[in-house]
Amino acid sequence: MPVPAADTTWERLRAAYDPDAFLQQGGRVVAQLAAYLEGAYAGKGPVLEPTDPNELLGALPPIGHAEPAPGEFERLLGEVIAQANHVHHPGFIGHQVSAPLPASVLADMSSALLSNGMAIYEMGQMHTAMERRVLQWLGGQIGFGEGSDGVLTHGGSLGNLTALLAARQAKAGYDVWTEGQRGPMAVLVSDQAHYCVARAVQCMGWGAKGAATVPTDDRFRLRPDALEETLKQAQDDGRQVLAVVASSCSTAAGSFDPLEEIADFCEAHNLWLHVDGAHGASLALSGRYAHVLRGIERADSVTWDLHKLLALPALNTAVLFKDGQRSYEAFAQEASYLFDDSAPKEWFQVGQRTMECTKRGLSVVAYTMLQSAGTELFRANVERLMEVAHFLADEVEASDDFELATYPDANILCFRHVPKASALSPTELDEHQARLRTALIQSGRAYITQAKLRGRLWLRTSVQNPMTSRETMTQLLQDLRALA
Ligand SMILES: Cc1ncc(COP(=O)(O)O)c(C=O)c1O
């Protein structure tokens, strides 16, 4: 391609930044997305069009192989939409991401345009103030007092790592951050915890045994009576145990660990209590469902994903510390070219409390939505998702050809189809679930996941989208029966 003359390059650049062109293009894209949403809500088309990855890649030209053309941007967005897993489709009952509120996406867009990185206050003044307000509000929902603080991060995995780094610094008994670790450490965590907890301790160099596994009960909840034994085993193994990580709730089965008993244990043994509430902390918003979080106010730290049950776009996670000063212990980095040493632990020093340096304006999305749509809307969303999940649980329980793994406390449900009058071996029954799931996804009528619990395979739904209704669930069971 010939190199354009300098003035042509400038003209091109200026055109690409032109506000009028942005207005026109923005109008077209919003119209495209609004039409998409209308179709998705109406259940138009398959939830997911499963496509072979190599076929998809092969059909996508390498960058630089096409001449920039008018309309290309919208055409490409159309292709992305066509291949998406449609989270606004009522039949999306799969992974734990929300169907974002359309307005929250506009907030996200404005955050992207302003591109204020938030590493320091000057690079995101209002972003920083909004982050404080969001954290205060979330802290209040789980019973943390005035002194609580924290940080917003990109995702629950990073959130859990952040909290565990603070736990290590708080409980090690020496300055691990500066000196490095003197010996192997561990946290106690149930066999149902999300893999990111093990990943976090392995990132900290504790190895696989750094996540000492506590067995669970018949409802997949951590067994408090087994904590003592697991602690002793880890200590006998030469490890310094620092914390218990409780799941509120677990990923596969949606089970809530008993926080009161775990908090008693932590108090008795001077351990940090971290609650992984990535999925379930949002139940705190509902008087009807919050009882499963009883004791969460006794945690030292809590991770809470706003992109799971609070209808915000991924990713948007709060890491909350009951004692706000602890939030500075995860990362005690000095950087004179960036951080203001004269006010090292003020609330507005966001960049000192997260792994991220430049960070997207997550707070802008959360604050503008909570304030403009009203917190009540978010409570209503949580309750709607829970009601529909419980409807499915009741239908499964009442049927003679489906069974539940356990009655759900969250909007996550594991169940399976058990063909009538046929004696399948456990392995055949597992294979039957896997086949059913594949067939269901290929039919395009719904998208669900699967999970192994105690070695057996279950179909798994997580109701994430308020467009998913009781009718969707009745239809889901009918579809599964027909495919079986
Ligand atoms: C309990 C729990 N913790 C942590 C995570 C990880 O969160 P993220 O995907 O936001 O990193 C998940 C994700 O599903 C989860 O269910």
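Note that the numbering runs from 1 along the sequence shown for the chain. First listed ligand is number 1; within each ligand, the first listed atom is number 1.
Among all non-hydrogen protein atoms, the one lying nearest atom 12 (C) of ligand 1 is H194 CD2, 3.3 Å. Remark: minimum distance from atom 9 (O) of ligand 1 to any protein heavy atom is reached at K308 NZ, 3.7 Å. Atom 3 (N) of ligand 1 has D276 OD2, 2.7 Å as its closest protein atom, hydrogens excluded (heavy atom only). For atom 16 (O) of ligand 1, the nearest protein heavy atom (residue, atom name, distance) is T251 OG1, 2.8 Å. Ranking the protein heavy atoms by distance from atom 8 (P) of ligand 1 puts G156 N, 3.3 Å first.
Under a 3.5 Å cut-off, the side chain of H279 and the backbone N or O of C249 do not form any donor-acceptor pair. Remark: side-chain polar atoms of R353 are not paired, donor with acceptor, to backbone N or O of A330 under 3.5 angstrom. The main-chain N or O of G91 is found under 3.5 Å from a side-chain atom of H89 such that the two form a donor-acceptor pair.
Under the 30°/60° scheme for interplanar angles, the aromatic rings of Y36 and H88 are found to stand perpendicular. A perpendicular orientation is assigned to the rings of F331 and W177, their planes being inclined by more than 60° (bins at 30° and 60°). Between Y121 and W347, the ring planes are perpendicular. Angles over 60° get that label, and only those under 30° would be called parallel.
Using 4.0 Å as the threshold, H95 has no heavy atom nearer than that to any atom of ligand 1. At a 4.0 Å cut-off, at least one heavy atom of C196 sits close enough to ligand 1 to count as contact.
Considering both main-chain and side-chain atoms, S250 never comes within under 3.5 Å of ligand 1 through any nitrogen or oxygen pair. Of the N or O atoms in Q96, one or more lie within a sub-3.5 Å distance of an N or O in ligand 1.
Comment: R221 does not engage E261 in a salt bridge, judged by the lack of any side-chain N to carboxylate O separation of less than 4.0 angstrom. Ion pairing of R223 with E229 is absent here, as no side-chain N (NZ or NE/NH1/NH2) approaches a carboxylate O to less than 4.0 Å. In summary, D149 and R326 do not engage in a salt bridge, as defined by a charged side-chain N under 4.0 Å from a carboxylate O.
Here is the list of ligand 1 atoms found below 4.0 Å of a heavy atom in D305: 7 (O), 8 (P), 10 (O). With ligand atoms numbered from 1 in the order given, ligand 1 contributes 1 (C) to contacts under 4.0 Å with heavy atoms of C249. Residue contact check: A278 has heavy atoms under 4.0 Å from atoms 2 (C), 3 (N), 4 (C) of ligand 1. Applying the 4.0 Å criterion to heavy atoms of H307 picks out, from ligand 1, the atoms 10 (O).
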